Amino acid sequence: MPLAILPMLVPDAAGLARAAEILRDGGLVAFPTETVYGLGADARNDRAVAGIYAAKGRPSFNPLIVHLPDVAAARRYVTFDARAQALASAFWPGALTLVLPLCADSGISTLVTAGLTTLAVRIPAHPVAQSLLRAFGGPVAAPSANPSGRISPTTAAHVIAGLSGRIDAVVDGGPCGLGLESTIIGLDGPATILRAGGIPAEAIVARLGTPLLMPQDDPALPRAPGQLASHYAPQGTVRLNATTVEPGETLLGFGPVEAPLNLSPSADLTEAAANLFGHLHRLDGMGANRIAVSPIPDHGLGRGINDRLKRAAAPRS
Ligand code: TXA
Ligand code: MG
């Protein structure tokens, strides 16, 4: 029944043309990326961007990532130093967001930057995202397409479950391959990891040749303003690093443990990242009200997975 309210577009030429037209008219379109589904609006249109905040119920101090088809397009909005150039050529298109100095007269809505002098930019690799960005021909502001604080969407059905009736359309590109949001690197100063994500920090350090500042290890360092303590929350409570299951708990397993849902029985972090949000959505569907999660190694993609799980387990306001 939500389908009647929220048009699902097929990512063929006609569907993408319609999605681009909605964006040009100041509407909201959810679309697949390799990380999670994004909720897109024209980043130059204040009213359209305000619509993103309204649809998500998102605090307006939280800035948005601008999506562009290639580095040439990104150069119209932000300045690249040698470090940014190196990371862009190594990891774009892909699951990396760079926070860079905003150009004067960028035309980007101040609702996108929340008044900051920096802009977060990303070049997604997903072919549907690429086609939509090219069909639209402008900067697309897109947070994850979920109500603020809830689990990120990795399928069009997740988007519909969370936002039907509040947005104009969703382009269905099937399940997202990576399943974890982009890694965010701040380069407006010393290189800082603002959010662990789909590109492991180790790979970025190897490319930069210098260490990354890690704000999560040092409360004095700046962080991404959107990194609220409680986020990615399923309906049930979440207990981490569970090596036993208490009565009434549902285990979200990792590795060779017996569990109704397992992120990766073979303890593969890439598989676990791809399953993370889908399994949390499924636990909601099962009515799990106490979720225990197996320990997950804190390296590579595990860092991003543990970051999301810690926020899912955080006390809710
Ligand atoms: O994979 C992704 O990054 C997905 C897909 C749709 O691209 N997008 C996504 O967006 O996760 P969102 O809005 O859920 O998370 C964006 C994060 C927030 O924590 C926000 O505070 C941070 O990026 N951010 C955006 N602009 C920033 C800036 N100028 N400085 C620091 N952090 C910024
Ligand atoms: Mg999000």
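Counting starts at 1 for both ligands and their atoms, in listed order. Keep in mind that what you see is a predicted model, and the values were worked out from it rather than measured.
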Checklist entry - Which atoms from ligand 1 have a heavy atom of G38 less than 4.0 Å away? => result 6 (C)

Next on the checklist: For ligand 1 and Y37, I'd like to know whether there is a polar contact (N/O to N/O, distance under 3.5 Å).
Outcome noted: no

Next on the checklist: One thing to verify: whether R24 and E21 come together as a salt bridge, which I'm taking to mean a side-chain N less than 4.0 angstrom from a carboxylate O.
Outcome noted: no

Next on the checklist: Going by side chain to side chain contact (heavy atoms under 4.5 Å, CB included), H279 matches just one of L252, I151, I291. Which one?
Outcome noted: L252

Checklist entry - Going through the distances and angles, do R303 and D307 end up as a salt bridge (charged side-chain N to carboxylate O under 4.0 Å, His left out)? => result CA-CA 6 Å; R303 240 189 130 96; D307 169 82; over 6 Å; no

Item to check | Every N, O or S from the protein that is nearer than 2.8 Å to the Mg ion (ligand 2) | outcome: S144 OG

Checklist entry - S164 side chain to A161 main-chain N or O, any donor-acceptor pair under 3.5 Å? => result no

Checklist entry - So, does T192 use its side chain to make a donor-acceptor pair with the main chain of P190 at under 3.5 Å? => result yes

Next on the checklist: Under a plain distance cut-off of 3.5 Å, with no hydrogens placed, do T33 and R122 share a side-chain donor-acceptor pair?
Outcome noted: yes

Checklist entry - With atoms numbered from 1 as shown, which atoms in ligand 1 lie under 4.0 angstrom from a non-hydrogen atom of S182? => result 1 (O), 2 (C), 3 (O)

Next on the checklist: Below the 3.5 angstrom mark, is there an N/O of T33, backbone or side chain, next to an N/O of ligand 1?
Outcome noted: no

Checklist entry - Is NZ or CZ of R308 both nearer than 6.0 Å to the six-membered ring centre of F277 and within 45° of the ring axis? => result no

Checklist entry - Ion pair present between D298 and K310, side-chain N to carboxylate O less than 4.0 angstrom? => result no

Checklist outcome for this item: The atoms of ligand 1 lying under 4.0 Å from a heavy atom of H67, numbered in the order shown, are 5 (C), 6 (C), 7 (O)

Checklist entry - Against heavy atoms of I184, which atoms of ligand 1 measure under 4.0 Å? => result 17 (C), 22 (C), 23 (O)

Checklist entry - Taking K56 for the side chain and S144 for the main chain, is one N or O donor matched with an acceptor at less than 3.5 Å? => result yes

Next on the checklist: Using a plain distance cutoff, I'd like to know if S144 has any nitrogen or oxygen under 3.5 Å from a nitrogen or oxygen of ligand 1.
Outcome noted: yes

Checklist entry - Could you walk me through whether E181 and R195 pass the salt bridge (charged side-chain N to carboxylate O under 4.0 Å, His left out) check? => result CA-CA 9 Å; E181 290 90 343; R195 178 176 72 186; 5.0 Å; no

Checklist entry - V99 near ligand 1, heavy-atom distance under 4.0 Å? => result yes

